[in-house]
Amino acid sequence: MTDVRVRFAPSPTGLLHIGGLRTALYNYLFARRHGGAFVLRVEDTDRERFVEEAEQDILDALAWAGLSYDEGPRIGGPFGSYYQSERKSIYKAYVDRLLAEGHAYYAFDTPDELQAMRDRLTTAENPNPRYDAETRVAMQNGFTMPPADVRARVEGGEAYVVRLNVPAGQAIQFNDIVRGTVVFQSNEVDDQVLMKSDGMPTYHMANVVDDHLMHISHIVRGEEWLSSTPKHILLYRALGWEPPQTAHLPLILSPNGGKLSKRNADKMGIPVNVRQYRELGYEPEALVNYLALLGWNPGIEQEVFSLDELVGVFSLERIGKAGTQYSADKMNWFNQQHLRRLDDSTLAHRVRPDLEAAGLTANDAYVQRVAGLMKDRVTFLRELATTWRFFFEEPAGYDPDGVAKRWKADSPALLEAYAVRLEALPDFTAAACEEQLRLLGEERGAGAGRIIHPVRLAVSGITHGPSLFEMLETLGRDTCVRRLRLAISRLPAPSDAE
RNA sequence: GGCGCGUUCGUCUAGGGGUCUAGGACGCUGGCCUUUCACGCCGGUAACACGGGUUCGAAUCCCGUACGCGCUACCA
């Protein structure tokens with residue numbers, strides 16, 4: 001195989017979508033797997049749809065996901081610029097060459113004229129008339145106008161576009177890595193605009209020129225581009241270049257099988273922009289893992305992978321062909337899985353902003369302990385700052401159902417006795433806390449549950465959570481003793497208890 | 001409409017002519033563990049779109065049908 005060079009080529013027209021991130025991911029994995037280069041190229045040829053903050057969002061999303069690139073914006077590289085808007089003169093040179101060699105031609109039709117042509121030709125059987133060998137003869141272009149007129153118009157500064165002269169009757173065949181052999185007929189493709197009247201290249205032109213100039217070996221992109229591939233092949237042929245290999249990825253569908261558009265997804269409460277995942281508190285490792293498996297599988301039973309592990313097993317050959325439906329349940333499951341795999345210091349670091357936002361403070365060592373204790377019982381790290389905030393502040397109240405069920409007439413006395421014992425403990429460990437509790441139970445003739453449940457309630461305010469004794473150890477002696485007495489003072493003993 | 005692509009449990013998928021009474025994961029669900037809640041473990045539920053071929057034999061190969069998706073711009 002020749003040197004692997006792949007690219008992710010987003011358009012800065014909005015926030016990066018998870019479909020885009022998946023495309024970037026597959027490119028990244030393929031490049032890293034083969035020791036190749038991963039290039040980032042900004043396809044900003046559409047001035048109309050350009051969104052100022054989009055580029056930063058894309059960069060942020062890739063960095064968050066851990067996808068580093070070897071050449072591209074900000075860092076440059078040997079084939080820059082990596083902004084298509086800065087490469088106008090390059091495209092112009094190749095457009096001129098196509099013009100000179102008869103592979104392209106000038107066209108002067110105004111938008112109104114184009115519309116009129118389409119209106120005239122549109123029928124029920126042909127809802128989308130092409131601008132092609134058949135129809136161009138009725139339009140204003142290099143085929144229908146004397147060369148001198150064409151030259152005069154161009155030199156006179158009149159608005160024009162350059163179109164590809166699509167040859168008639170050719171079969172355009174290519175071998176897609178995921179789809180196999182695909183064939184199109186040149187008669188089905190229209191005379192694609194290569195250069196717009198504002199002097200910008202179209203996607204097709206810029207894409208082909210850049211992929212060639214940047215020595216791209218494999219094009220890995222979404223299936224929505226499959227139908228444009230014949231146009232690109234025609235361009236490669238006209239320019240005398242060898243087209244890169246292609247791999248067209250199956251599309252990510254919404255949970256009901258439709259398109260996962262922003263609008264559609266919002267209605268179902270599904271986040272589609274990478275930024276949303278970040279804001280919602282998903283771990284980047286989880287999104288990456290989930291996206292990797294959406295349309296690809298390693299052929300082994302393992303499902304939970306780090307980015308580096310994915311690099312080790314990725315291959316384009318194992319990409320599926322069928323569109324794939326998004327599942328929030330599975331996404332969340334991956335988040336839970338990765339939470340358990342991440343080390344406590346990483347978790348502590350990541351949950352910090354959530355704690356701060358919730359007005360909670362704690363030193364790092366303590367946050368790490370809490371994270372370690374809780375990581376296999378949460379789906380989102382930020383639950384530490386909500387459901388489990390009692391680790392960081394006194395319980396605001398006590399779960400009423402828990403009180404009704406667990407807070408008995410003898411609870412205050414038992415808890416006070418337990419508090420006294422905890423105060424006297426030489427080593428405040430989970431094992432010691434448990435030993436004392438059981439001893440106390442025996443002495444008072446009360447079952448351990450008679451103490452365990454009220455203690456949990458007093459200390460956390462709720463009736464569920466991690467192992468009681470580990471929780472006590474984590475909270476620390478002072479906090480435990482204080483909270484036991486706080487509960488005694490706040491919760492009156494029920495008089496009718498048995 | 002045309003062209004292209006696709007179709008295995010609800011979802012993500014394994015499988016590529018016999019080893020498939022179709023395997024795994026998510027979800028849902030029964031139980032075990034745990035004097036809490038999770039985790040974990042054991043079990044259950046549930047699929048080869050349909051119709052024709054080819055073959056001794058088809059989820060696997062071929063054709064057709066249906067359905068879905070994509071493209072059909074001076075957007076990418």
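Please read these numbers as outputs of a predicted model, since none were measured by experiment. The sequence lines fix the lettering, A, B, ..., with proteins before strands; numbering per chain opens at 1.
A:Arg136 has its CZ atom 15 Å from the P atom of B:rC74, to the nearest Å. Per the geometry, CG belonging to A:Asp112 stands 17 Å off P belonging to B:rA73, to the nearest Å.
Residue A:Val193 is in sugar-phosphate contact alone, with no base atom involved, counting any heavy-atom pair closer than 4.0 Å across all strands shown. Backbone-only engagement by A:Leu293 is indicated by non-hydrogen atom pairs under 4.0 Å involving sugar-phosphate atoms exclusively.
At the phosphate of B:rG40, OP1 or OP2 sits under 4.0 Å from a side-chain N or O atom of A:Arg340. The side chain of A:Arg179 contributes no N or O atom lying less than 4.0 Å from OP1 or OP2 of B:rC69. One finds a side-chain N or O of A:Arg163 lying less than 4.0 angstrom from the OP1 or OP2 phosphate oxygen of B:rC74. Under 4.0 angstrom from either OP1 or OP2 of B:rA76 there lies at least one side-chain N or O belonging to A:Lys196. Contact check, A:Thr324 against B:rU11: no side-chain N or O comes under 4.0 Å of OP1 or OP2. Contact annotation: A:Asn297 reaches the phosphate of B:rA14 (side-chain N/O to OP1 or OP2, under 4.0 Å).
A salt bridge links A:Glu434 with A:Arg438: the distance from a Lys NZ or Arg NE/NH1/NH2 to an Asp or Glu carboxylate oxygen falls below 4.0 Å.
Side-chain rings of A:Tyr94 and A:His103 stay apart, their centers remaining 6.0 Å or farther from each other.
RNA chain B lies under 4.0 Å from no heavy atom of any residue of residues 14-27 of chain A.
In this entry B:rG40 has B:rC32 as its Watson-Crick or G-U wobble partner, both defining distances falling under 3.5 Å. Look at B:rU19: it lacks any Watson-Crick or wobble partner with both distances under 3.5 angstrom.
Checked by atom type, the side-chain pair A:Arg7/A:Asn207 shows a donor-acceptor distance below 3.5 Å.
Residue pairs that meet the salt bridge (charged side-chain N to carboxylate O under 4.0 Å, His left out) test with at least one member in residues 370-382 of chain A, sequence neighbours left out, are A:Asp344-A:Lys375, A:Asp354-A:Arg382.
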